[in-house]
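By convention in this document, chain letters (A, B, ...) are assigned in the order of the sequence lines, proteins followed by strands, and residues within each chain are numbered from 1.
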Amino acid sequence: MDREEYVEAVLLAVESIPPGTVATYGDIAAYVGQGGPRQVGAIMREYGGGVPWWRVIRASGIPAEEVGDTQLELLRGDGVRVTNGKVNLHQSRWTPND
DNA sequence: GCATTGACCGTCT
DNA sequence: CAGACGGCCAATG
């Protein structure tokens with residue numbers, strides 16, 4: 001798979017995340033079946049502009065340092081329960097079968 | 001082709 | 001519950 005296609009696949013995966021739910025970098029990587037969490041992060045940094053990138057967070061429920069504040073606000077806007085700067089993954093985590 | 005680096009993850013103190 | 005640690009995978013110099 002070319003890098004360009006990988007990027008496409010990741011972006012599509014992110015676009016398929018329903019409002020009110022979130023996914024971790026690792027989840028996206030696993031869903032695409034290629035690369036790892038860090039690759040997904042790198043892609044979001046460059047090409048994430050056109051997709052709901054704010055629905056992608058760390059496995060800890062904490063968003064990336066760079067965009068953390070904005071991201072949390074956007075998530076709240078989507079109806080995601082955010083507690084003390086953290087997302088309740090146990091409740092809002094995305095799974096491909098939804 | 002090796003070394004560094006990064007929107008990371010799981011496990012073990 | 002917070003750090004430390006090692007592992008991970010690809011881009012970049």
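In this structure a side-chain-to-backbone donor-acceptor pair under 3.5 Å is missing from A/Tyr47 to A/Leu11. Judged purely by atom type and a 3.5 angstrom limit, A/Asn88 uses its side chain to pair as donor or acceptor with the backbone of A/His90.
A/Val14 is not listed as a side-chain neighbour of A/Val40, based on a closest heavy-atom distance of 4.5 Å or more.
Rounded to whole Å, atom P of B/dG10 lies 8 Å from atom CG of A/Asp27. Separating the CG atom of A/Asn84 from the P atom of C/dC1 is a distance of 10 Å, rounded to the nearest angstrom. In this structure, CG of A/Leu74 is placed 15 Å from C1' of B/dA7, rounded to the nearest angstrom. Taking atom CD1 of A/Ile62 as the reference point, atom P of C/dC1 lies 11 Å away to the nearest angstrom. Atom P of nucleotide C/dA10 and atom CD1 of A/Ile28 are separated by 17 Å, given to the nearest angstrom.
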Acceptor/donor pairs from residues 63-74 of chain A side chains to any protein atom, 3.5 angstrom cut, sequence neighbours excluded:
residue : atom : partner : partner atom : Å
A/Gln71 : NE2  : A/Trp54 : O            : 3.0
A/Gln71 : NE2  : A/Val56 : O            : 2.7

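Here A/Arg45 pairs with nothing under the salt bridge (charged side-chain N to carboxylate O under 4.0 Å, His left out) rule; sequence neighbours left out.
Of the residues in residues 34-60 of chain A, those placing a heavy atom less than 4.0 Å from an atom of DNA chain B are A/Pro37, A/Arg38, A/Gln39, A/Gly41, A/Met44, A/Arg45, A/Trp53, A/Arg58, A/Ala59, in numerical order.
In the displayed structure, A/Arg81 atom CZ is contacted under 6.0 Å by at most 12 heavy atoms of other residues, nucleotides or ligands.
Residue whose closest nucleotide on DNA chain C sits further toward the 5' end, between A/Tyr6 and A/Lys86: A/Lys86.
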